[in-house]
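Written below as structure tokens is the structure these notes are about.
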Protein chains: 2
Amino acid sequence: MTKTGNRSSSAVEDYLERIQELIETKGYARVVDIAGSLGISQASVTNMVKRLDAEGFVRHEKYRGLVLTEEGESIAKAIGKRHRILTDFLNLLGVASAEVERDVEGMEHHLSADSLEAIESLCRELSSNPELLLRIKRSERESK
Amino acid sequence: MTKTGNRSSSAVEDYLERIQELIETKGYARVVDIAGSLGISQASVTNMVKRLDAEGFVRHEKYRGLVLTEEGESIAKAIGKRHRILTDFLNLLGVASAEVERDVEGMEHHLSADSLEAIESLCRELSSNPELLLRIKRSERESK
DNA sequence: TAAATAAATTAGCCAAGGCTAATTTTCATG
DNA sequence: CATGAAAATTAGCCTTGGCTAATTTATTTA
């Protein structure tokens with residue numbers, strides 16, 4: 001039985017998400033890579049990595065990189081999915097991309113599965129309904 | 001010229017929002033009321049109130065209550081509006097109310113004005129388009 | 001108006017997550 | 001294979017925003 005209810009902090013989620021991205025894009029995620037990618041100090045990353053390791057989210061081989069455990073990966077995947085759905089959503093609405101990034105990064109840790117799914121369905125509908133999107137964007141412009 | 005760019009922390013926003021609600025509903029917001037309403041200790045509230053006062057968001061009269069300054073009120077109003085828009089949005093999508101509350105409280109501090117406006121417009125469209133809402137809800141049920 | 005109660009404050013603590021500076025460990029290369 | 005560079009870690013510090021327990025201050029009420 002996989003432990004499930006264990007809510008992780010935003011910070012933990014951010015780290016796991018980023019670690020996975022790094023592994024996907026560069027093939028590895030060392031302390032120094034994570035620090036660079038998150039824009040924080042190596043020392044801070046070392047600390048957090050200790051914690052992630054202790055809590056069973058990653059396995060760490062010095063100078064070699066991190067590997068996500070099954071549990072770590074499942075969290076990373078979930079948060080990655082949230083990220084994609086929310087990005088999609090705001091993009092569909094025509095929000096400027098710099099803002100999309102910031103907003104999504106802020107929001108992604110605070111959505112229940114239900115809300116996520118609802119937004120996902122909404123995106124499906126919006127995607128297949130360009131006129132609707134046009135109306136929404138028009139209505140935005142007007143209300144400004 | 002009103003100072004505008006000064007981003008406040010989530011905690012500050014939460015306090016101001018709650019203070020305004022209390023003033024609206026009970027007519028006053030004392031330390032003890034805020035503590036009760038936010039579910040935290042009076043001591044913590046005293047601390048934060050000192051800060052809010054020092055930063056010019058509230059004026060405090062002991063045993064009498066807090067008053068929002070112009071700046072405090074404008075922040076409170078803005079965050080209140082975010083709260084309403086997001087609540088609306090998730091309600092429209094049919095998310096269960098307990099979750100709506102939690103999600104909104106988490107998200108409301110992380111949305112740019114642009115995203116907010118886009119979601120607002122979207123809500124307008126959704127409200128006037130019950131079939132669309134039905135389709136979305138159906139599609140949710142199916143994807144479960 | 002004095003005593004009881006309620007509100008507020010103070011002092012001292014904690015955890016999360018950041019930071020810098022200094023040090024250690026490993027890697028890569030001449 | 002020695003050494004310089006890169007990566008990692010350690011030590012010690014900071015801020016935010018919580019907490020409890022003890023104390024003070026104001027308000028209410030008998």
Side-chain angles (χ1 to χ4, degrees), chain A residues 6-19 22-23 25-68 72 75-76 79 102 105-106 108-110, chain B residues 6-19 22-23 25-68 72 75-76 79 102 105-106 108-110:
Chain A
N6 287 339
R7 299 242 49 339
S8 334
S9 74
S10 300
V12 166
E13 290 181 350
D14 282 336
Y15 273 87
L16 294 177
E17 185 183 8
R18 202 55 68 96
I19 288 164
L22 285 168
I23 290 174
T25 62
K26 319 181 52 164
Y28 55 88
R30 298 166 307 170
V31 168
V32 69
D33 304 308
I34 301 166
S37 169
L38 289 174
I40 64 187
S41 73
Q42 288 188 31
S44 299
V45 175
T46 291
N47 270 323
M48 178 57 96
V49 162
K50 256 188 287 186
R51 210 180 116 191
L52 295 177
D53 198 313
E55 295 185 7
F57 297 131
V58 304
R59 205 59 41 74
H60 186 198
E61 264 178 83
K62 277 170 105 174
Y63 295 86
R64 185 89 3 158
L66 302 186
V67 178
L68 293 169
I75 294 175
I79 184 76
R102 278 212 305 92
E105 250 139 45
E108 66 187 350
H109 308 290
H110 304 281
Chain B
N6 286 338
R7 297 237 59 329
S8 333
S9 75
S10 300
V12 166
E13 291 181 348
D14 281 335
Y15 273 86
L16 295 177
E17 184 184 11
R18 203 54 69 94
I19 288 164
L22 285 167
I23 289 173
T25 62
K26 320 184 46 165
Y28 56 88
R30 297 165 307 172
V31 167
V32 69
D33 303 308
I34 300 165
S37 169
L38 289 173
I40 64 186
S41 72
Q42 288 187 30
S44 299
V45 175
T46 291
N47 269 325
M48 179 57 97
V49 162
K50 258 187 288 187
R51 210 180 116 192
L52 296 177
D53 198 314
E55 294 183 9
F57 296 133
V58 304
R59 204 59 42 71
H60 186 197
E61 266 178 81
K62 273 169 108 174
Y63 295 86
R64 184 88 3 155
L66 302 186
V67 179
L68 294 169
I75 294 175
I79 182 76
R102 278 212 304 89
E105 251 138 45
E108 66 188 350
H109 308 291
H110 303 282

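In the text below, chain A, chain B and the rest are named by the order of the sequence lines, each starting its count at 1.
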Hey, does the side chain of B:Tyr15 come within less than 4.0 Å of D:dG18's phosphate (OP1/OP2), counting only N and O? yes
Quick check on C:dG18: is either OP1 or OP2 less than 4.0 Å from any side-chain nitrogen or oxygen of A:Ser44? no
Quick one: list whatever passes side chain to side chain contact (heavy atoms under 4.5 Å, CB included) with [X], sequence neighbours left out.
X: A:Asn47; value: A:Lys50
X: A:Glu13; value: A:Arg7, A:Ser8, A:Ile75, A:Ile79, A:His109
X: B:Tyr28; value: B:Lys26, B:Arg30, B:Asp33

Nearest heavy-atom pair of A:Ile23 and A:Ala29: which atoms, and what distance? CG1-CB, 4.0 Å
Looking only at heavy atoms, what is the nearest atom pair of B:Val58 and B:Val49, with distance? CG2-O, 4.3 Å
Whole-Å distance separating the [atom1] atom of [X] from the [atom2] atom of [N]:
X: A:Leu22; N: D:dA7; atom1: CG; atom2: P; answer: 14 Å
X: A:Leu52; N: D:dT9; atom1: CG; atom2: P; answer: 12 Å
X: A:Met48; N: D:dT9; atom1: CE; atom2: P; answer: 15 Å
X: B:Asn47; N: D:dT20; atom1: CG; atom2: C1'; answer: 13 Å

Under 4.0 Å, heavy atom to any atom of DNA chain D: which of residues 25-41 of chain A qualify? A:Arg30, A:Val31, A:Val32
Heavy-atom check, side chain of A:Tyr15 versus side chain of A:Ile40, under 4.5 Å: yes
Run the side chain to side chain donor-acceptor pair (under 3.5 Å) test against A:Ser10 and tell me which residues pass, sequence neighbours left out. none
Mark up nucleotides 23-30 of chain D, 5' to 3', with B wherever a protein heavy atom is under 4.0 angstrom from a base atom, S wherever such an atom reaches only the sugar-phosphate, and - elsewhere. --BSS---
For B:Met48 and B:Val12, what are the C-alpha separation, side-chain angles and deciding distance, and is it a side chain to side chain contact (heavy atoms under 4.5 Å, CB included)? CA-CA 8 Å; B:Met48 179 57 97; B:Val12 166; 4.2 Å; yes
Side chain to side chain contact (heavy atoms under 4.5 Å, CB included) partner of B:Ile19, the single match among B:Val45, B:Leu52, B:Asp14, B:Leu38: B:Leu52
Earlier contact from the 5' end, DNA chain C, for A:Ala43 and A:Ala11: A:Ala11
Of A:Ser9 and B:Gln42, the one whose closest DNA chain C nucleotide lies more 5': B:Gln42
